[in-house]
Amino acid sequence: MKTANGHEIIQLFEQFSPKVYAMEDDKIGLQIGRLNKKIDKVMIALDVLEEVIDEAIAKGVQLIIAHHPPIFRPLKNVITDTVQGRMIEKLLKHDIAVYAAHTNLDVANGGVNDLLATALGLKNPEVLVPTYVTKLKKIVVFVPSSHAEEIRKVLGITGAGFIGNYSHCSFSSEGTGRFLPGENTNPHIGHQGRLESVNEVRIETIVPEQLLKRVVTAMVKAHPYEEVAYDVYPVENKGEVLGLGRIGTIDEMTLGEFAERVKTGLEVDKVRVVGDLSSPVKKVAILGGDGNKYFKHAKFKGADVYITGDIYYHTAHDAMMEGLNMIDPGHNVEKIMKKGVTETLSKMCEESGYEVDIFASEINTDPFKYI
Ligand SMILES: [Zn+2]
């Protein structure tokens with residue numbers, strides 16, 4: 001086990017929640033501080049409020065990964081007797097970096113919307129609003145037989161070889177590799193000026209474009225040869241379609257019963273419901289955060305009920321007239337990402353041999369009280 005630096009941790013995080021998944025003009029990535037430092041404590045937060053920063057200081061955190069970007073509108077100044085200025089000052093003084101993963105974390109597999117769908121027990125959840133189609137590349141690498149297993153492992157860990165729900169997919173065939181080490185070489189096998197032939201394995205797999213650089217870097221690092229022979233091909237296959245929200249099914253129940261399930265599943269005391277409480281629901285759409293503008297997607301895809309936060313009065317009227325039930329459990333249900341991201345990132349760090357304590361912020365950042 002070793003202590004990772006911030007870049008290494010974020011590199012892992014971005015395999016899970018790549019920046020390219022974010023909606024246009026979203027504010028994501030490193031917002032405050034630096035990643036170029038050793039990190040052994042990471043806190044996962046929904047919102048970066050001053051209390052959350054105080055918690056991070058008290059717990060000796062060096063990096064906060066937050067869902068809601070603390071800097072959303074461009075700053076005109078940093079005046080340290082305003083709340084925002086003071087927050088930035090505290091973070092910088094304590095060398096705490098803040099990294100935001102907003103809509104890219106909504107879209108990611110295992111991200112906010114998947115976590116919400118799982119918490120409600122949705123069966124066969126699919127994307128509600130497609131926003132991104134993964135582009136794929138084929139990668140082929142030639143490896144001496146002795147190192148084939150290791151290279152396959154590295155390709156799998158770094159994110160190559162995902163086909164549907166299968167990971168670590170690859171194809172290997174054996175053959176003979178030939179090379180003549182020239183002057184100034186230091187060959188892993190063979191000698192300068194002598195033609196060599198070696199039993200090699202051709203490993204081929206598929207990799208999402210956004211992970212290509214990372215996969216190639218890790219593969220070249222793990223490969224025993226001084227000069228690694230590999231090819232990258234464009235492919236026409238369409239990769240996975242990703243997006244915001246999820247739609248799936250539940251065993252039929254009434255809207256009223258389902259509203260109770262939402263309260264339990266998403267750990268909220270109250271929900272607002274639009275629609276006839278005795279109407280049956282079976283097909284359920286959910287979109288974390290403010291999903292007002294997507295209610296027509298839910299209607300179009302045949303949802304009986306659409307769950308989202310921050311429902312406006314007029315959206316509720318529109319949905320009512322369209323005959324679509326709605327449930328608003330509040331925007332704060334996105335707090336589910338604290339536990340979800342903690343688990344996912346902890347597992348990834350452990351697999352990479354990083355000694356780092358990753359934990360969820362314990363501050364409740366819901367501004368609303370229900371009385
Ligand atoms: Zn949100």
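Everything numeric in this text was worked out from a predicted model, so none of it was measured. Order of listing sets the numbers, starting from 1, for every ligand and every atom in it. Count residues from 1 along the sequence.
The minimum distance between the Zn ion (ligand 1) and any N, O or S atom of Glu334 involves atom OE1.
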Verdict with reasoning, Leu287 to Phe295, per side chain to side chain contact (heavy atoms under 4.5 Å, CB included): CA-CA 9 Å; Leu287 196 145; Phe295 87 89; over 6 Å; no
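Atom OG1 of Thr185 sits about 4.0 Å away from atom CD of Gln192, to the nearest 0.5 Å.
Within the coordination shell of the Zn ion (ligand 1), defined by N, O or S atoms under 2.8 Å, Asp106 is absent.
For the pair NE2 of His68 and NE2 of His331, the angle whose vertex sits at the Zn ion (ligand 1) is 100° to 10 degrees.
Residue Val141 is tested with Val228, Asp231, Val232 for a side-chain contact (heavy atoms from CB on, under 4.5 Å); the sole match is Val228.
Ring pair His314/Tyr312: centre-to-centre distance not below 6.0 Å.
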